[in-house]
Amino acid sequence: MSPCNVFYGTLVHSLSITELEIITNGVLVVDNGVIVHMERNVEDVDAYLQKNEIKDYNLHRLNASQFIVPGFVDTHAHAPQYVFTGSGMDMQLLEWLNTYVFPTETAFKNVEHADKAYTTAVSRFLRNGTTTCSWFATIHLEACQKLTDIIENLGQRAYIGKVNMDQNAPDFYIEETDASLKNTRTFVEYVQKKESKLLTPVVTPRFAITCSSRLMNGLSEIAKEYDVPIQTHLCENPDEIQFTCSLFPESKDYTAIYDDHNLLGEKSYMAHCVHMTDDEIKMLADRKTGISHCANSNFSLHSGVCDVRRFMESGVKVGLGTDVAGGFAPSMLDAIRSTFFASKTIKVLKRDGMLKGGDDYVPLSPAELLYLATMGGAKVLGLQDTIGNFEKGKAFDALWVDLENDGGVDLMGMESPYQKVQKFLFNGSDKNLLHVYVQGRRVAGAASA
Ligand code: GUN
Ligand code: FE
């Protein structure tokens, strides 16, 4: 048995959506990747360890510029698109998909290319503190298996989806319906056979435009049979919504298209959801389906500004997503900042009468932003009992932050613990992440060891 790891110092995590807890003299005892003790207000850590009969341990004392925070959960990113981040940001969704996305994703037919690109992408996300990520890959079975192997080696907690598309796509990037379903089964079985607690296959119809009814029905059956989650895109862009509804005139609205194909449920989550009626939001709440709020992407492809509080108030689970490369930043710190700006934009539009609602709208607080990037995402993925905060019994997925490590933050000495957390959220970078842990394993970090 290897010794357990004891962390003593400031712990920062969410108790609930509005309650950010900052414990300045906390103890976390991590044994075999799991938090076995979590204690507040410990004056003497040696006495605490003795009292609890913890004998075989490595003790890590954090200094005043350091704290530990839960690892970030990115609920929506496209691994193959990392190679062209920042390209085409002058376009809107459908033109951008045809110009950049489909040609780029086609290249992942070549597994060697996939190996190099995916290793680069996953490494970057880990360095940026994304300990859990829900990935879209491409339509290619072998490259999806390669992505799974890479993630397993690099140690990220991940949901991985083989993308499905059998219509309204270019000739060079489209599947036969039966082959798409068969390869999805093979992929789900490939991931499940690994019996890894970190890896989950996720059924991934790209979006309704590129999926026939037969494909969507078949995918919902696969998700049920293997008891796996479902991810897709919903109500991202006005032209997309109009085209989608014209393809499925028998469904009441875009959300109902997925519901009519049995794709909405407790294990489903939808990216974007920028333009939704109250009825559609209620449908998500009724089905217990979560959403991934992708604010950078919604600005960059000028899809729109999502009022995420509307979903929260309706009881819909909300997490954040980078949507690389619709969003240009492979970083959840950026997702937090983009979400902050989206929320402030909604506030201003309401105050100035350009959106309905009046002047009493409350934009998201720092506590809410950190919650959405950690616990909120965990709930969307159904991982609320595994990760998201530092409750005893959860996995140790965490970031050891050091604000003195020249990551873009200057400490002046007068900051309260809460101000330090805010300096990290608004000005921190990967250089402030000394160690990134998933299930207790160090998987990345700016410190040399
Ligand atoms: N809708 C369908 N495919 C995509 C994609 O790759 N990115 C984004 N942002 N939206 C999509
Ligand atoms: Fe996306």
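First listed ligand is number 1; within each ligand, the first listed atom is number 1. As the structure is a prediction and not an experimental result, all values here were calculated from the model.
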(request) May I ask you to check whether Tyr437 and Phe7 place their ring centers less than 6.0 Å from one another? (result) yes
(request) Compare Met165, Glu105, Glu240, His78 and give the one whose heavy atom is closest to atom 5 (C) of ligand 1. (result) His78
Would you say the side-chain atoms of [X] and [Y] include a donor-acceptor pair closer than 3.5 Å?
X      : Y      : value
Asp307 : Tyr361 : yes
Thr184 : Asn164 : yes
Asp149 : Tyr190 : yes
Gln92  : Asn237 : yes

(message) I'd like to know: is the Fe ion (ligand 2) within the 2.8 Å range of an N/O/S atom from His76, strictly under that distance?
(response) yes
(message) When you measure from the Fe ion (ligand 2) to the N, O or S atoms of His78, does any of those distances fall below 2.8 Å?
(response) yes
(message) Does only the side chain of Leu97 get under 4.0 Å from ligand 1, or the backbone, or both, or neither? Count heavy atoms.
(response) side chain
Heavy atom of the protein closest to [atom] (residue, atom name, distance):
atom                    : value
atom 10 (N) of ligand 1 : Glu236 OE1, 2.7 Å
atom 6 (O) of ligand 1  : Arg206 NH2, 2.7 Å
atom 9 (N) of ligand 1  : Asp323 OD2, 2.7 Å

(message) I'd like to know if Lys267 and Asp227 make a salt bridge, using a cut-off of under 4.0 Å between side-chain N and carboxylate O.
(response) yes
(message) Could you check whether Asp278 pairs with Arg310 (Lys NZ or Arg NE/NH1/NH2 to Asp/Glu carboxylate O, under 4.0 Å)?
(response) yes
(request) Please could you name the atoms of ligand 1 that Trp96 approaches to less than 4.0 Å, counting only its heavy atoms? (result) 7 (N), 8 (C)
(message) Which of the numbered atoms in ligand 1 are under 4.0 angstrom from any heavy atom belonging to Leu93?
(response) 8 (C), 10 (N), 11 (C)
(request) Considering just N/O/S atoms, say which atom of Asp323 is closest to the Fe ion (ligand 2). (result) OD1
